[in-house]
2 protein chains.
Amino acid sequence: MKHKDILNKLRTSGLRPTKQRVEIAKFLFDREKTFHFTVESLNKLLLKKITTKFALATIYNTIHAFKKAGHLNKVEVRGKRSYFDTNITNHHHFYDSDTSELIDIDVKDVIIQKLPKAPNGKKIKNVEVFINLKN
Amino acid sequence: MKHKDILNKLRTSGLRPTKQRVEIAKFLFDREKTFHFTVESLNKLLLKKITTKFALATIYNTIHAFKKAGHLNKVEVRGKRSYFDTNITNHHHFYDSDTSELIDIDVKDVIIQKLPKAPNGKKIKNVEVFINLKN
DNA sequence: TTTCACTTTAGAATTATTATAAACTAGAAT
DNA sequence: ATTCTAGTTTATAATAATTCTAAAGTGAAA
Ligand SMILES: [Mn+2]
Ligand SMILES: [Mn+2]
Ligand SMILES: [Zn+2]
Ligand SMILES: [Zn+2]
């Protein structure tokens with residue numbers, strides 16, 4: 001993803017392409033594979049890559065703006081902090097509690113044959129499959 | 001579950017049956033259906049049922065002791081606080097984000113036909129299916 | 001009854017996240 | 001180019017769930 005594309009992605013999302021947002025967007029979206037991160041881990045990685053550091057609040061602001069714009073997903077994981085995911089398609093996860101690492105699973109790799117019907121008056125919004133790993 | 005059984009349950013878990021533990025154990029385990037709760041919700045419910053209130057730290061201590069003894073499960077749900085579950089068998093959940101309510105799903109009501117194989121050197125510990133509900 | 005390891009408790013500490021409000025800036029208008 | 005302003009960043013404070021601390025209380029063994 002080129003500089004131009006990043007600027008475009010931000011602008012079409014109604015996000016002014018500030019230095020901070022551009023840097024973070026490049027870091028997050030200019031990669032082949034899905035990237036799973038917490039605000040803490042992202043901050044650490046950014047500190048290595050970038051000359052001037054950003055306020056932690058800016059990381060939060062930016063991540064929330066990207067999430068709101070639909071460029072990031074939030075993943076619920078056992079633990080205290082939130083995980084975010086650059087894979088915004090519907091998919092499942094392995095979770096390795098040893099390394100606190102998430103690994104994507106394509107929806108096609110999970111086939112569910114039988115599901116319970118939703119309780120009275122409710123519908124199923126989505127089904128998340130979460131596979132915990134061990135050694 | 002009778003008073004005697006509660007005392008027995010605590011003692012066989014190596015937990016001294018204090019007034020607080022007995023009250024909380026009765027409240028949690030003397031019921032037909034699964035009970036899902038947060039520490040906050042449990043505290044509120046206990047305040048209604050009980051004459052002398054317990055310190056919040058005691059609720060935490062007790063819940064953690066019960067969890068450690070295998071009498072409670074912890075369930076991860078979107079949000080900031082932890083949910084606990086008196087159903088300690090392997091099972092799945094509906095989650096109703098309108099009411100912040102969990103509903104049990106028997107393992108038998110979910111049949112998975114295809115699962116991806118675990119990453120190199122890892123094994124599957126367990127599979128959690130989480131069904132989000134909408135109206 | 002005495003004893004003491006276990007437990008409860010009030011309050012402080014911690015941690016992730018969100019709110020505040022002053023300083024800054026992208027980009028539109030002049 | 002300069003001015004203007006709404007949107008943005010930032011340091012810092014506030015919040016909220018949970019955990020820690022250490023003093024006071026208690027179950028039950030001796
Ligand atoms: Mn957040
Ligand atoms: Mn806990
Ligand atoms: Zn993912
Ligand atoms: Zn349950």
Side-chain angles (χ1 to χ4, degrees), chain A residues 3-4 6-27 36-47 50-69 71-72 74-84 100, chain B residues 3-4 6-27 36-47 50-69 71-72 74-84 100:
Chain A
H3 188 76
K4 273 280 177 60
I6 293 285
L7 294 190
N8 201 50
K9 181 170 196 157
L10 293 174
R11 275 199 252 266
T12 56
S13 311
L15 295 171
R16 202 185 275 179
T18 63
K19 178 161 53 80
Q20 292 82 349
R21 284 174 176 167
V22 171
E23 283 293 344
I24 294 174
K26 274 183 180 166
F27 188 78
H36 297 108
F37 62 96
T38 65
V39 169
E40 190 197 23
S41 71
L42 174 61
N43 189 40
K44 275 185 187 158
L45 291 168
L46 282 173
L47 285 174
I50 274 170
T51 48
T52 51
K53 80 177 214 306
F54 306 150
L56 190 59
T58 301
I59 316 278
Y60 275 101
N61 289 342
T62 304
I63 293 313
H64 289 153
F66 289 176
K67 166 86 169 59
K68 197 174 175 187
H71 302 315
L72 287 175
K74 200 174 179 181
V75 185
E76 227 46 40
V77 183
R78 208 161 287 276
K80 298 198 181 142
R81 51 194 79 141
S82 294
Y83 279 67
F84 293 88
S100 300
Chain B
H3 189 76
K4 273 278 177 62
I6 293 285
L7 294 190
N8 201 49
K9 182 169 197 158
L10 292 175
R11 276 199 251 264
T12 57
S13 310
L15 296 170
R16 202 185 277 179
T18 62
K19 179 161 54 81
Q20 292 83 348
R21 284 173 175 168
V22 171
E23 283 293 344
I24 294 174
K26 275 183 180 167
F27 188 79
H36 298 107
F37 62 95
T38 64
V39 169
E40 191 198 22
S41 72
L42 174 60
N43 190 39
K44 276 184 185 159
L45 290 169
L46 282 174
L47 284 174
I50 274 170
T51 48
T52 51
K53 80 177 214 309
F54 306 150
L56 191 58
T58 300
I59 315 279
Y60 276 101
N61 288 342
T62 304
I63 294 312
H64 289 155
F66 289 176
K67 165 89 170 57
K68 198 173 176 188
H71 303 315
L72 288 174
K74 201 173 178 181
V75 185
E76 227 46 40
V77 183
R78 206 161 289 278
K80 299 199 181 140
R81 52 192 81 139
S82 294
Y83 280 66
F84 292 89
S100 301

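Throughout, protein chains are lettered first and strands after them, A, B, ... in sequence-line order, and every chain is numbered starting at 1.
Considering only residues two or more places apart in sequence or on other chains, B:Y83 meets the ring pair (Phe, Tyr, Trp, His ring centres under 6.0 Å) condition with none of them. B:N61 is linked by a side-chain contact (heavy atoms from CB on, under 4.5 Å) to nothing, counting only residues two or more places apart in sequence or in another chain. Scanning for side-chain contact (heavy atoms from CB on, under 4.5 Å) contacts around A:L56 gives A:V39, A:N43, A:I59, A:Y60, with sequence neighbours left out. A search for side-chain contact (heavy atoms from CB on, under 4.5 Å) contacts involving A:L7 returns A:H3, A:R11, A:P17, A:V22, not counting sequence neighbours. Listed by chain and number, the residues in a side-chain hydrogen bond (donor to acceptor under 3.5 Å, both in side chains) with B:S13 are B:H71 (sequence neighbours excluded). Legend: residues meeting side-chain contact (heavy atoms from CB on, under 4.5 Å) with A:E40, ordered by chain and number and at least two apart, are A:T38, A:K44, A:R81. Listed by chain and number, the residues in a ring pair (Phe, Tyr, Trp, His ring centres under 6.0 Å) with A:F37 are A:F35, A:F84 (sequence neighbours excluded). In terms of the ring pair (Phe, Tyr, Trp, His ring centres under 6.0 Å) criterion, residue partners of A:H36 (sequence neighbours excluded) are, by chain and number, A:H93.
Out of C:dA10, D:dT9, D:dT18, the shortest distance to the side chain of B:S82 is found at D:dT18. Proximity note for A:T58 (side chain, C-beta onward) versus C:dT8, D:dT10, D:dT19: the nearest is D:dT10. Comparing atom distances between the A:N61 side chain and each of D:dT8, D:dT10, C:dT9 picks out D:dT10 as nearest. Set against D:dT18, D:dT9, C:dT17, the side chain of A:Y60 has C:dT17 as its closest nucleotide.
Residue B:K68 contributes atom NZ, which lies 13 Å from atom P of D:dT19 at whole-angstrom precision. Atom CD in A:E23 sits roughly 12 Å away from atom P in D:dT10 (whole-Å rounding). Atom CZ in B:R81 sits about 17 Å away from atom C1' in D:dT19, given to the nearest Å. At whole-Å resolution of the value, CZ in B:F84 and P in D:dT18 are 7 Å apart. When the P atom of C:dG27 is taken as reference, atom CG of A:L15 falls 12 Å away, rounded to whole Å.
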Mind listing the N/O atom pairs, protein and nucleotides 23-30 of chain D, below 3.5 Å?
| unit_1 | atom_1 | unit_2 | atom_2 | d |
| --- | --- | --- | --- | --- |
| D:dA28 | OP1 | B:R11 | NH1 | 2.7 |

Distances under 3.5 Å between nitrogen or oxygen atoms of protein and nucleotides 28-30 of chain C:
none

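A sub-4.0 Å separation between OP1 or OP2 of C:dT7 and a side-chain N or O of B:R21 is present. Neither OP1 nor OP2 of D:dT18 sits under 4.0 Å from any side-chain N or O of B:H64. The side chain of A:Q20 places no N or O atom within less than 4.0 Å of a non-bridging phosphate oxygen (OP1 or OP2) of C:dT25.
Of the residues in residues 38-47 of chain B, not one comes within less than 4.0 Å of DNA chain D through any heavy atom.
Heavy-atom nearest nucleotides on DNA chain C were determined for B:K80 and for B:K53, and the one closer to the 5' end corresponds to B:K53.
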